[in-house]
Colleague: 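Shown below is the structure under consideration.
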Amino acid sequence: MSAERIDLPAGVPQEIHRAGKGKPVVFLHGVECRRDDDAVVAALAHKYTVVAPVTPGYADIADARELRDVHDLALHYDTLLETLGIDDAVLVGHSFGGMIAAEIAAHVPKRVARLVLIAPLGLWRDDDPVADLPARLPHEVPELLWRGAVAKPATGAAPANDADGLERMIAAMQGLATVAKFTWPIPDKGLRRRLHRIAADTLVIWGEQDAYVPARYADDFVAAIPRARKLIWPGSHMVPYERPADLVKAVGEKA
Amino acid sequence: MKCHFFHLMPYPALPEDFKQRYHSVWVDAPAAELFDPRIGERAYNDYLDQLEYAGEVGFDGICVNEHHSNGYGLMPSPNLMAATLARRTTKPKLVVMGNSVALYHPPIRVAEEMAMLDVISGGRLVAGFPVGSPMDVAYTMAENPATLRDKYYENVDFILKAWTEKKVWAFNGKYSQHRYVNPWPRPMQRPHPPVWIPGGGSVETWDWCVQHDYLYAYFSYFGSQAAHKGLDGYWQAVERGGKEPNPYRAGFNTFVAVGDDDAHCEQLYGEAALYFYDRCLHIYPGFAMPPGYVSAATIRAGVMGRIEAATGGAKLSWRSLVDAGAIAAGSPDTVVQKLTELCRDHKIGHLMMLGHFGNMSNELARYNIGRIAKEILPRLRPLHSEWEDRWWPKTPALAEAAQ
């Protein structure tokens with residue numbers, strides 16, 4: 001896997017990771033960004049050239065200063081894809097990245113040929129609200145994300161109270177600050193009004209026991225996107241990390 | 001030096017097992033279950049009486065502040081409280097500590113209301129602009145923590161310009177836009193009321209206060225140790241900024257409890273103090289640290305004030321609170337000695353005294369206020385007399401004469 005920094009015309013610094021060979025697939029990470037240590041990126045790289053951007057702000061929240069809302073962010077990614085020469089994009093987004101993938105496909109329908117949304121944020125139901133992740137204590141966040149997992153891959157436990165642990169916590173907080181910037185206080189920023197614009201062949205995947213974004217939101221996405229179907233798998237919000245091989249297979253299937 | 005009376009206006013009837021039964025005193029403590037308006041009526045009126053009384057007996061300023069959705073402090077609108085005090089008092093300055101300006105859209109509302117207070121009170125307003133606690137701004141008032149500070153700076157700059165600009169002007173800001181800015185009334189104090197910035201220890205705030213010559217007031221409930229943590233960095237910033245180390249550019253708050261001796265104080269104030277620390281500070285830590293609220297620099301510096309300390313576990317007792325310097329308590333001699341050391345060692349020119357805390361009764365609060373005014377204030381006043389206080393209302397002569 002290789003990391004690079006792309007300088008875009010508007011001056012927002014963009015870090016991307018690339019891995020694998022084959023047809024390009026763009027992967028937008030969830031609330032946690034694992035950079036060059038992402039099991040889903042690694043699995044997709046067996047079959048595709050994976051381009052995995054790090055959301056601006058994850059390294060330093062100041063980088064996202066001029067990305068003021070989801071519209072700016074969606075258009076920023078359109079500029080990135082243009083710069084990378086990716087026209088008929090296969091766009092896979094998980095969680096927060098799923099929301100942004102849907103925004104890109106709704107803002108610039110012609111850019112995206114295939115859309116895979118895995119437990120995306122972006123909608124809101126009063127009768128089944130998205131959990132308040134930012135109000136969880138740092139050590140409670142993984143518990144919420146992985147609750148209901150059927151297969152839980154080993155994750156490195158964060159060391160407590162050392163300098164390394166502090167820096168890790170600061171990095172996680174920076175990432176969540178970026179998520180907060182585009183989703184506070186409720187992750188409904190009007191996506192519902194735009195979903196009808198999505199032209200891509202769309203697959204919506206959800207972990208049945210997702211404790212962060214309930215799986216019933218899958219129906220709302222499928223109902224609003226013109227060409228969409230859903231796949232519900234046993235598992236948590238982190239279902240792509242539980243079933244990376246199934247995800248790779250699903251990305252290759254027609255909707 | 002100047003001594004002020006500060007009221008938090010806590011809800012005084014949280015149940016004894018509040019900490020066990022409820023998740024947090026802030027944000028999600030259910031008001032429909034816990035708030036009794038009849039108790040609220042009594043509390044508000046007693047508390048306003050206490051502020052007025054403090055003004056009568058000689059405190060330099062009386063202070064109110066802003067908090068939302070909580071049992072810790074019942075002042076979602078400090079300006080309403082200051083408005084009643086403006087009408088019912090003539091001497092004390094009105095220290096509004098203050099308006100969480102990032103919450104107001106458009107922020108011209110704050111410029112207008114504070115100017116009204118300054119005019120009604122004859123130029124007695126101190127204009128405080130806090131960023132606001134995370135529980136208040138991010139969780140209750142739903143302000144985006146990732147952009148909060150940027151919006152806060154923009155709004156403070158806007159208000160200052162709204163008070164001082166001579167012409168009608170247009171404002172094309174990032175967070176608000178106005179085709180016409182022309183607020184009526186304008187404040188009585190020229191060029192504008194003194195600006196005080198209450199802070200919880202964000203390192204960015206120190207340099208910003210120095211740069212603009214705003215007073216910085218460090219807020220903590222952990223006394224002299226906290227003063228060390230929160231003010232040392234500020235004084236370094238003052239030095240870095242090439243400004244004189246004038247104690248009047250620094251404020252601090254502390255609980256004060258006066259009795260005949262230590263044992264008498266414990267008997268009088270022990271229950272109220274534990275009510276405050278056990279119930280009013282029972283804050284779910286998840287509500288105290290929204291992502292983006294504090295910068296990486298502040299986390300690294302380890303100066304995050306009250307919440308971290310407040311929720312840091314150990315079983316508290318009256319003795320431990322007094323020993324740690326959280327409450328300046330004792331006989332008048334003891335209290336004078338403690339506060340003199342505090343204000344001398346940390347160069348504090350404006351001391352905000354919380355003479356009421358927790359579920360203290362009205363009678364006891366008035367007793368404490370009376371003793372502080374009579375036996376403490378005259379002995380603290382000479383401190384820092386070699387410095388000029390440039391952070392204090394310059395009440396116009398006419399208004400002074402009318403008083």
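All of these numbers come straight from a predicted model, not from anything done at the bench. Chain letters run A, B, ... following the sequence lines, proteins first and then strands; every chain starts at 1.
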Colleague: If we define contacts as heavy-atom pairs under 4.5 Å, which of A:Asp60, A:Ile61, A:Thr178, A:Leu137 has the most with chain B?
Modeller: A:Leu137
Colleague: Tell me, for A:Asp132 versus chain B, whether the close heavy atoms (under 4.5 Å) come from the side chain, the backbone, both or neither.
Modeller: side chain
Colleague: Looking at A:Trp184 and B:Ala142, what are the two nearest heavy atoms and their distance?
Modeller: CD1-O, 3.4 Å
Colleague: Nearest 0.5 Å, please: how far is OH in B:Tyr293 from CE in A:Met173?
Modeller: 11.5 Å
Colleague: If you round to the nearest 0.5 Å, how far is CG of A:Asp69 from CG of B:Asn144?
Modeller: 11.0 Å
Colleague: B:Gly292, B:Pro290, B:Ala138: which one forms the most heavy-atom pairs within less than 4.5 Å of chain A?
Modeller: B:Ala138
Colleague: Of the non-hydrogen atoms in A:Glu140 and B:Tyr284, which two are nearest, and what is the gap between them?
Modeller: OE1-OH, 3.1 Å
Colleague: Please determine whether the number of non-hydrogen atoms from other residues, nucleotides or ligands lying under 6.0 Å from atom CZ of A:Arg35 exceeds 12.
Modeller: yes
Colleague: I need the minimum non-hydrogen distance between B:Ala146 and A:Ala177, along with the two atoms involved.
Modeller: CB-O, 3.5 Å
Colleague: What part of A:Arg65 gets within 4.5 angstrom of chain B, counting heavy atoms only: side chain, backbone, both, or neither?
Modeller: both
Colleague: Atom NE2 of residue position B:His228 - does it have more than 12 heavy atoms of other residues, nucleotides or ligands inside 6.0 Å?
Modeller: no
